[in-house]
Chemist: 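The structure under discussion is supplied below as structure tokens; questions concerning it will follow.
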Amino acid sequence: MSKLTIGFIINGQKKTIETTTSTRLLDLIRDDLHLTGTKEGCGKGECGACTVIMNGELVASCLILATQSDGAVITTIEGIGDNECLDPVQEAFIETGAVQCGFCTPGMILAAKKMLEENPHPDEEEIKRGISGNLCRCTGYQKIIDAIKLAANRLSSKNGGRSEKDD
Amino acid sequence: MTERYVGRNVYKVDAQDKVMGKAKYPDDIYFDNMLYLKIKRATHPHAHLRRIDISKAVKLPGVVKIITADDIPQVKNFGLIIKDQPVLVGIGQKMRYMGDALAIVIAETKEIASKAVRLIEVEVEELEVISDPLRAMEKDAPLIHKDGNILATHYLEKGDIKKGFAEANVIVENEYRTTFLDQVPLQVEAGVGIYDEESGFIKLWVASQWLHDTQADVAQSLGFPKEKIRIIQPVIGGAFGKKEDISVHIHLALAAIATKRPVKLTYTREESMIAQSKRHPFIIRVKTGATKEGYLTAWQAEVIGDTGAYASSGPAVVHKGMYHCTGPYNVDNVKGVAYTVYTNNTYAGAMRGFGTTQMAFAYESQMDILAHKLGIDPAQFRLQNAYNIGSSTPNGQILTHSVGVKETIKKAAEIAGWKGGLR
Ligand code: FES
Ligand code: FES
């Protein structure tokens, strides 16, 4: 278990950190950087709870060694939206009731964002395929699909953000 | 209040935290100077523990302490209904399933703790492994717990079952079996514990479905007054029944007391599958009678629920399952018996429906088979037997309001495009 120093950009911030050759990217993100929005559901590449975007690709951070991220550009859920201005995908998840226990939500949102970047007008089948690497045990998926449709509509009509407040 | 909320869409209070990745689940809590735990688990599903040797494991650099049953003679068993689950299995005692804990390893990192677990040596004397509840019920089966393998027997009687079968033109008799299911909440069992020496408080950040019950059980097991156990509910991360039972709680408390440092324990998914509760597999033997006009006259059920190595919610789950043996259908004459049986399988407890989903497989199958034999459309057959306001359940409860089963059947048939007929 030898130690070595790696550097990367995460959520727009440059980091240099000492890690080991057996540390997973997931552990580095959670235990060292305390970016706990990235979750561990299985540790086996099955559930997608640990999804992050690395060098433009969706990856399961439980299957990647920390050392593989040397020089990479990484986005975790903490890099999407902020308190003043949520991402349209985040807003759509809230509004459609796509969030229950919320454990799958960060990974789902990253998967949805990536899909909408590549395909701004997905049909239902394409949405299902786009989130097929992410398990949700609570919602039964329908509201997540609804959320992604809503976000796609808003993004394409270029007026992202909540159109109506419901209070 | 009503004007602001009733009839309006309200956003979930914590949804914003969740979509931003800010919500704190049990595994997301960190303290400075925190230690990590891993559990050495049973090496055989049914065996006496003869020897446990931690000497190599404690010497591993970074291991702070290893707790075995010898270190905690004062600690008592725990359990939701019956206190039959040991915190740690000691020398001369029995491991009853692969999830039983033999030692708590406390180390500076997760990796070191895992490595140390593998260095613990165990010698056991193997016993017959009972994985089939029917074997467990046989006279000559070895006893998993000293009071017998049938943990609970419940009976049900309504009307006159003999008369009911005498009135029937068609009788259908079948056996149904369901399997183990894991609830698989996406957040596995996890938590953090702290012991504050000065105040004598144990603080546990662990998700629970039953805070007050968990607090009481942890307290009685450790011999602490209840008010000294504080359980702080983080964001849960799904439960579906699986988080009704004690998991990491007592091990965290013991490690926190022993080290006076914050401690964290997170199961792996595999460990959660092996060690924590499941949905009960049922064997359901059913005999149902109906008239040629398609009205149910008699329903007899025998239910055998495999509760695995420990009771958990078992007696209540299997008992409740039996009460639902007729489903949402009127039957005047009902007789039932339910056995909750110990085996060496992973223990079974609560899961959504609490015994009723298993029964649905049996009663809806019976309804289809009967409809087919009678030559009646199965949707119609269900409708003409379904509960109304005023119906009485097998255990004699009169339904006084909110009985939506007929509407549900009609809606389901409509949405499914059911055209009637036989199938
Ligand atoms: S934790 Fe990585 S895919 Fe499940
Ligand atoms: S909201 Fe609970 S797993 Fe998806």
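Here is how names work: the chains are called A, B, and so on, in the same order as the sequence lines, proteins then strands, and each is numbered from 1. The shown structure was predicted, so the numbers you read here are calculated from the model rather than taken from an experiment.
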Chemist: On a heavy-atom basis, which atom in G21(B) and which in I77(A) lie closest, and how many Å separate them?
Modeler: CA-CG2, 3.6 Å

Chemist: With a 4.5 angstrom heavy-atom cut-off, which part of E270(B) approaches chain A: side chain, backbone, both or neither?
Modeler: side chain

Chemist: Kindly say whether Q187(B) contributes a backbone atom to a donor-acceptor pair with the side chain of R137(A) at under 3.5 angstrom?
Modeler: no

Chemist: Around atom CD of E407(B), are there more than 12 heavy atoms of other residues, nucleotides or ligands at under 6.0 Å?
Modeler: no

Chemist: How far does CD of E95(A) sit from NZ of K12(B), to the nearest 0.5 angstrom?
Modeler: 16.0 Å

Chemist: I'd like to check Q90(A) versus M20(B) (side-chain heavy atoms, cut-off strictly below 4.5 Å). Are they in contact?
Modeler: yes

Chemist: Please check if the number of heavy atoms outside K110(B) that lie under 6.0 Å from its NZ is greater than 12.
Modeler: yes

Chemist: Walk me through it: do Y30(B) and D31(A) pass the test side chain to side chain contact (heavy atoms under 4.5 Å, CB included)?
Modeler: CA-CA 8 Å; Y30(B) 292 84; D31(A) 295 343; 2.5 Å; yes

Chemist: Does any backbone or side-chain atom of D27(B) lie under 4.5 Å from a heavy atom of chain A? Answer side chain, backbone, both or neither.
Modeler: both

Chemist: Counting only heavy atoms not in R269(B) (residues, nucleotides, ligands), do more than 12 fall under 6.0 Å from its CZ?
Modeler: yes

Chemist: Check whether I80(A) gets within reach of chain B through its side chain, its backbone, both or neither, counting any heavy atom under 4.5 Å.
Modeler: neither

Chemist: Of the listed residues (G97(A), G43(A), G41(A), C101(A)), which shares the most heavy-atom pairs with chain B below a 4.5 Å separation?
Modeler: C101(A)

Chemist: Please report the shortest heavy-atom distance between L186(B) and L135(A), naming the atom on each side.
Modeler: CD2-O, 3.4 Å

Chemist: Quick one: does any side-chain atom of Y25(B) pair with a main-chain N or O of G102(A) as donor and acceptor, under 3.5 Å?
Modeler: yes

Chemist: Taking atom NZ of K411(B) as the centre, report whether more than 12 heavy atoms of other residues, nucleotides or ligands fall under 6.0 Å from it.
Modeler: no

Chemist: Measure distances from I236(B) to the heavy atoms of chain A and classify the residue's part below 4.5 Å as side chain, backbone, both or neither.
Modeler: neither

Chemist: Select one option (side chain, backbone, both, neither) describing which atoms of E46(A) are under 4.5 Å from chain B's heavy atoms.
Modeler: neither

Chemist: Rounded to the nearest 0.5 Å, how far does CD1 of I29(B) lie from NE2 of H34(A)?
Modeler: 12.0 Å

Chemist: Around atom NZ of K56(B), are there more than 12 heavy atoms from other residues, nucleotides or ligands closer than 6.0 Å?
Modeler: no

Chemist: Side chain, backbone, both or neither: which part of D27(A) has a non-hydrogen atom closer than 4.5 Å to chain B?
Modeler: side chain

Chemist: Nearest 0.5 angstrom please: D28(B) CG to R30(A) CZ, how far?
Modeler: 4.5 Å

Chemist: Please classify the contact of V184(B) with chain A as side chain, backbone, both or neither, using a heavy-atom distance under 4.5 Å.
Modeler: both

Chemist: State whether the number of non-hydrogen atoms from other residues, nucleotides or ligands found under 6.0 Å of K264(B) atom NZ is greater than 12.
Modeler: yes

Chemist: May I ask you to name which of N83(A), D87(A), T105(A) has the most heavy-atom pairs under 4.5 Å with chain B?
Modeler: N83(A)

Chemist: Taking K18(B) for the side chain and Q100(A) for the main chain, is one N or O donor matched with an acceptor at less than 3.5 Å?
Modeler: yes

